[in-house]
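Single-structure report; data block below.
Because the structure is predicted, anything quoted here is derived from the model rather than measured.
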Amino acid sequence: MSGIDVGEELGARAAQARALALLRIRSRALAVVITPAAVAVVLFAAGAQGHLGGAFWDGVRWAVAAVAVVVLLVAAAVAVSVARARPAVSPTVPVAEEGAPDLYRLVRDLADRLGVPAPSAIALTPDCDSWLEDRTHRAHRGGAGREAKETAPVLVIGSPFLWWMRVAELRAVLAPVVAGTDSSAHPDIAAARRFVRGLDAAVADGAAPGRGALRGAPVTFAGWVARLLLRACREHAAEMERCVAATASMRAQGVDYALRIAAQEQVGLAYAGWDRLLTRVALPAWRMGRWPSRLDAGVVSALTELSRRDRLADGFTSRLGERPACDLLEEPGVADEATSLLAARLFHGGPAESGPDWAPVDWQQYPEEVVDRKWRTEAARLHRVLDAMGVPPASAADPAVPTLARVMEHLAGPGGPGEELAAGIGAAVARDDARTPAPGPAQPAPVGTGPDPLDLWGPDPLPLFPLQPPRTGTELLADHVAAMVCCAAVDTAGAAPGLDWLDGPALLVDGERRADLATPVLSLVEDGDPDPLRSWLAELGVRSDKPVRLV
């Protein structure tokens, strides 16, 4: 027997031992519940046989019986609450086998090579991670028509992996994940996981707001009991999952191990590109009521741009000549659009369907639909705040037209006017956000459109995972002044809005991106010094006294 086989067997035994420890906690809790009933049975049996007679023991018998009944009723209520609690499921986009036969074939071949059960289904998630997810709870079975015998977990794959990785790299990365289905099929480990997930769901139900005192008291009590049990289970559950992961990793070492080491570099690179794409490129579009419909394809462009700028990544683009993993999908564009919309809902809180105020946008339309509209919307807001503050127009300017000179003269004035303007901008942004309908819990999808990926998550309001904390007034003011400068550059100096894959909205001058605007803008906003910005404008030939078109 090889060292890997020995380590794998030891890891499996350790995981099973931890699972049995979790089940013993469940058994001890059950023993505590039935102890009063058992004592009552003993006392009544002794009385029936002529032992422990008298009024005192009769009172003891009935008192213990009453306590046993109360404990059993409370335990039954807690058990029902735990059984009815619906464990949270990661929001994903399901991938039917008809839509990705090659991907299903790759996963099943991988499972055969590893000697483990194949996952029951495949789903995509807008994240740079992959895992197995148990969806055997009755609330997670896709309707009555689905067979209950499908107990294998669902393989969840991060959608950016499919577009950035090659087929061989994806197979290598998924090997240790698919290997985990062997532990999922073990009855003790599966029972222990169901026990822990049920407790976790009961705790979440007990902490959920919106219930009255009378209706919420039983659920809150059940959540308190579940929390006590979960605290006792924490160490064993963590160690069990660690042993399961170690066992799966050792089992997968016989499949594409050398390639997996190289593929892990692509995992880290994909994560960096995905995070940059969401925070710098997608987030401005979401705030403008547009959602990029090809986020996964954008990851490839972002990472290609990164490899062009960073010499350390020079060798990464040479892989692009190989077959990408997204070719395993029959319609990659449809999958990309679905995961892009799900990402917008998770990280920003957009609605489930497109509309006039929530429309998809292609990358070719991004500069006009997002960048130009963003700049002009923020410039218009900046001038509305100046009007509300009674700031006069710039000298020699028509009072009826907005100019960049008005903004610069006000911020360069005495008395630190930037703080007051920043507060006004922050209040205006808050008012505009308040006018936008707040996204609430996921609503059921219309009949015939398929299930909503967020239906099984619960009543939590969107967004579930905000990308950035709220911006300060100074940060908002700097963004608005920079937007005003960009509008002036576009209208008076022939500049154009553009898209930088790593930094988002960009100002293009003669086809080249100008990335040096932030420093002079901050000098004006924070220090009241307009000279660096004036020099920057003079270099590009921007006229600050000319009117700017607003929305």
task = Could you check S340 against D336 for side-chain hydrogen bond (donor to acceptor under 3.5 Å, both in side chains), going step by step and ending with a plain yes or no?
result = CA-CA 6 Å; S340 298; D336 195 355; 3.2 Å; yes

inquiry  = Regarding E378 and K374, does a basic nitrogen lie under 4.0 Å from an acidic carboxylate oxygen?
reply    = yes

query = Looking at CG of L124 and SG of C326, how far apart are the two atoms once the value is rounded to the nearest 0.5 Å?
reply = 11.0 Å

request  = Evaluate the criterion side chain to side chain contact (heavy atoms under 4.5 Å, CB included) for residue pair V95 and L329; output intermediate values, then yes/no.
outcome  = CA-CA 9 Å; V95 178; L329 304 174; 4.2 Å; yes

query = Any salt bridge between D275 and R280, counting N to O under 4.0 Å?
reply = no

task = Name all residues meeting the side-chain hydrogen bond (donor to acceptor under 3.5 Å, both in side chains) criterion together with R26; count only those two or more places apart in sequence or in a different chain, and write none if there are none.
result = none

ask   = Does the side chain of I157 reach to within under 4.5 Å of the side chain of W131, using non-hydrogen atoms?
value = no

request  = Report the distance from atom CD of E305 to atom CG of L499, rounding to the nearest 0.5 Å.
outcome  = 9.5 Å

request  = Determine whether P101 and E330 make a side-chain contact, defined as any pair of heavy atoms from C-beta on separated by less than 4.5 Å.
outcome  = yes

request  = Hey, could you give me the CG/CG distance between L229 and L22, rounded to the nearest 0.5 Å?
outcome  = 11.0 Å

Qualifying residues under side-chain hydrogen bond (donor to acceptor under 3.5 Å, both in side chains), relative to S184, sequence neighbours excluded = R193

task = Would you check if H236 and V196 make a side-chain contact, meaning some heavy-atom pair closer than 4.5 Å?
result = no

For V178, the option from L132, L155, L106 that meets side-chain contact (heavy atoms from CB on, under 4.5 Å) = L155

query = Is it true that D109 and R171 make a salt bridge, defined as a side-chain N closer than 4.0 Å to a carboxylate O?
reply = no

task = Quick one: closest heavy-atom pair of C128 and A270, and the distance?
result = SG-O, 3.5 Å

inquiry  = Show me the pairs that pass salt bridge (charged side-chain N to carboxylate O under 4.0 Å, His left out) and involve residues 222-233, at least two apart or across chains.
reply    = none

message = Ring-plane angle category for W358 and H348, please: parallel below 30°, perpendicular beyond 60°, tilted otherwise.
response = parallel

ask   = Going through the distances and angles, do W375 and L507 end up as a side chain to side chain contact (heavy atoms under 4.5 Å, CB included)?
value = CA-CA 10 Å; W375 288 345; L507 179 67; 3.9 Å; yes

ask   = Just wondering, do W164 and W274 contact through their side chains at under 4.5 Å, heavy atoms?
value = no

Heavy atoms of other groups near D510 CG, more than 12 under 6.0 Å = no

query = Between CD of Q16 and NE2 of H186, what distance do you get to the nearest 0.5 Å?
reply = 3.5 Å

message = Closer than 4.0 angstrom, basic N to acidic O: yes or no for D134 and R197?
response = yes

message = If the threshold is 4.0 Å, N to carboxylate O, is there a salt bridge linking R260 and E265?
response = no

inquiry  = For a 4.5 angstrom cut-off between non-hydrogen side-chain atoms, does Y271 reach P160?
reply    = no

request  = Kindly give the heavy-atom pair with the smallest separation between A343 and P126, and that separation in Å.
outcome  = CB-CB, 3.7 Å

query = Roughly how far apart are L170 CG and L103 CG, rounded to 0.5 Å?
reply = 7.0 Å

request  = I would like to know whether T92 and R135 meet side-chain hydrogen bond (donor to acceptor under 3.5 Å, both in side chains); could you show each step before the answer?
outcome  = CA-CA 12 Å; T92 56; R135 297 185 179 180; 3.0 Å; yes

request  = Look up atom OG in S301 and atom CG in L277, then write down how far apart they are to the nearest 0.5 Å.
outcome  = 9.0 Å

inquiry  = Taking the side chain as everything from C-beta on, heavy atoms only, tell me whether D372 gets closer than 4.5 Å to P367.
reply    = no

inquiry  = What verdict does the salt bridge (Lys or Arg N to Asp or Glu O under 4.0 Å) test give for D362 and R294, after you've listed the backbone C-alpha separation in whole Å, the side-chain angles of each residue and the deciding distance to 0.1 Å?
reply    = CA-CA 7 Å; D362 291 330; R294 294 293 185 269; 5.6 Å; no

message = Could you check whether Q365 and W363, counting side-chain N and O atoms only, form a donor-acceptor pair closer than 3.5 Å?
response = no

note = In short, P360 meets S293 closest at the heavy-atom pair CB-CB, 4.1 Å

note = Minimal heavy-atom distance between G158 and S130, with the atoms involved, is N-OG, 3.5 Å

message = Less than 4.5 Å apart, side chain to side chain, heavy atoms only: is that true for P497 and L508?
response = no

request  = Indicate the atoms forming the closest heavy-atom contact of V281 with D500, along with that distance.
outcome  = CG2-O, 3.8 Å

ask   = Taking side chain as C-beta onward, heavy atoms only, is L278 less than 4.5 Å from W286?
value = yes

Side chain to side chain contact (heavy atoms under 4.5 Å, CB included) assessment of R105 paired with R108 = CA-CA 5 Å; R105 190 177 303 112; R108 285 175 181 147; 5.9 Å; no

message = As a quick check of understanding, evaluate salt bridge (Lys or Arg N to Asp or Glu O under 4.0 Å) for R86 and D205, giving each step before the final call.
response = CA-CA 8 Å; R86 186 171 63 176; D205 279 359; over 6 Å; no

task = Apply the test side chain to side chain contact (heavy atoms under 4.5 Å, CB included) to residues V154 and V89: give CA-CA distance (whole Å), side-chain angles for both, the deciding distance (0.1 Å), then the verdict.
result = CA-CA 11 Å; V154 174; V89 172; over 6 Å; no

